[in-house]
Amino acid sequence: PAGRKPFHTLLTATGQGYQQWQCRIMYFHWKKQRDADPAGKCTELTGFTRLVASNGGRPDGLEKEIPSYFATEYNGAELSRFHGYRVINRPYSVMQYLKSAAWRAVAEEYVYIAETDHVMMHPLPNKAAEGSPMAYVFGYMGPNPAHAKIIQKAWPDGGGEGWKKVQSIGPSPVVIHKRDLEKVSKLWHETAVALKTDAAADSRLGWVIEMWGYAIAAAAVGLRHQEFRDFQVEPGALSTASQLRDFESRYWVFHYTYQFEYMLDGTPCQPWTIGEFSLDKRHFSDQSPTPPLPLPPPKSNVAAFWLTNAFNEAMAAIPEWPRRQPPPGGAERPIMTLYGRRRLDWFSRHANGFATEVRTNALVKKLADTTWECVSAADKTTAKLGLTAGGDVSHLDFRRLGRWGSMNDPALGEACAVHACIFLDSGAPKYNARVAGGDGDAPLSALVIFDAGHLGQKYAEPTPRWECKFAKKAEKSWF
């Protein structure tokens, strides 16, 4: 039909496992929206290439599932120039791709540049034109006079007022004509490299510095983007009502860059807090999520439910997903996914971790500065256990100081019930402990301690390892 402008999706990625599972989910939902497009065979979502920056440009195995092109990535000494900033590989890989026979074979005149953590919510209409790409507005960029000198150094021809021509955009999500991408790609790469290797620019622009490279390069070549504030949504547990209004119909793309951290009662957590329920892509940096993921607490926002369901739908449908949860009710233990993350050592030591729990959690407050007499279930040896008001745990069979805190994980069931369970960690071993006498004014009486297993692995059998009796509560920290 007249006005139809098919576009080729270019998914920029690396060959790391962390991005591989994201690519698989992204491609599943891209195909779903392509097939659901009311335009049918006249959809504008046509070609697809996963552009992978890999070591030596070597394939990673996913090319059998997802159409892929492999470019050489910066690594080793080259990457050290950029202080380990791997995102610099995006413009580098695009520049290589545009010189390839694969690029020359792309039939579409337009390209949609996507990222691995994008999930398409609706078929994306092509509103771009040559010289006028589509882009999303990133509110956290905001070129202003404070950026003037940095921008002028990167783009001298722009002069002192050049910052006014730089838009709050990045290279993704963008829909752009092929000739426009060819015009901007080399300068995008050069500008990103210049910014990242300039100490002042690196300090000022931070982790989005490659996006600034694209925005400055686009301004330098005279490429003005149409700005779409609802192109994508970047929600989290703290999303506002206005962002969530008409959520399921309003946006084209879900960008899951922010976390969904909730307590079990549905209370959203403040920044730099891990929730009792924790949906964060970063938890799966070394392995794929294991489906099905548990749904968020009932009072969580619509975006949390949408993303969890989108993950589960894709992972259930994709053949040969690395792992799946065993059938419920069977003998095989389930795998830890979104609960239990508060036991991470760095979080326990953060101001929002144990220091907050000891003020706000009745069970933790009651257990703080207590000592216990413990007996090993295996050989009846005895040991002391100390839980300090600073979050340290000592003795037992620990070789060094560990950490303790609340462990509200519904998956543990009655073995360590919610609001009556704590964790005890010292690297290895990792334990959970069921507390007797923690309710209300009831006196503390006993702890039953069992192996916890490791995050991302199967829950351990709740076989008692130690049984402890309450000894005393110190008026001051005994440690």
### Query
Any side-chain donor paired with an acceptor under 3.5 Å for Ser68 and Arg50?
yes

### Message
Is a donor from one side chain sitting under 3.5 angstrom from an acceptor on the other, for Asp117 and Gln22?
### Response
no

### Query
Quick one: is the NZ or CZ of Lys196 closer than 6.0 Å to the six-membered ring centre of Phe82, and within 45° of its axis?
no

### Query
Does a side chain donor of either Asp230 or Tyr136 reach within less than 3.5 Å of an acceptor in the other side chain?
no

### Task
Determine whether the side chains of Asp246 and Ser249 contain a donor N or O and an acceptor N or O closer than 3.5 Å.
no

### Query
Can you tell me how far CE of Met121 sits from CD of Gln33, rounded to the nearest 0.5 angstrom?
9.0 Å

### Task
Among Arg342, Arg343, Glu357, His419, find the one that has a side-chain hydrogen bond (donor to acceptor under 3.5 Å, both in side chains) with Ser406.
Glu357

### Under 3.5 Å side-chain donor-acceptor pair for Trp372 and Thr370
yes

### Message
What I want to check is whether the side chains of Glu461 and Thr463 have a donor and an acceptor closer together than 3.5 Å.
### Response
no

Extract all donor-acceptor atom pairs below 3.5 Å that involve side chains of residues 445-454 and protein atoms in other chains or at least two apart in sequence.
from, atom 1, to, atom 2, distance (Å)
Ser445, OG, Ala436, O, 3.2
Asp451, OD1, Arg465, NH1, 2.8
Asp451, OD2, Arg465, NH1, 2.9

### Task
Give a yes/no verdict on a cation-pi contact between Arg24 and Phe311, requiring under 6.0 Å between NZ or CZ and the six-membered ring centre and an angle within 45° of the axis.
no

### Message
Assess, by modelled atom type and distance only, whether the side chains of Asn301 and Tyr262 contain a donor and an acceptor separated by less than 3.5 Å.
### Response
yes

### Message
Ring-plane angle category for Tyr214 and His225, please: parallel below 30°, perpendicular beyond 60°, tilted otherwise.
### Response
perpendicular

### Task
For Ser288 and Trp321, test the side chains for any donor-to-acceptor distance below 3.5 angstrom and give the result as yes or no.
no

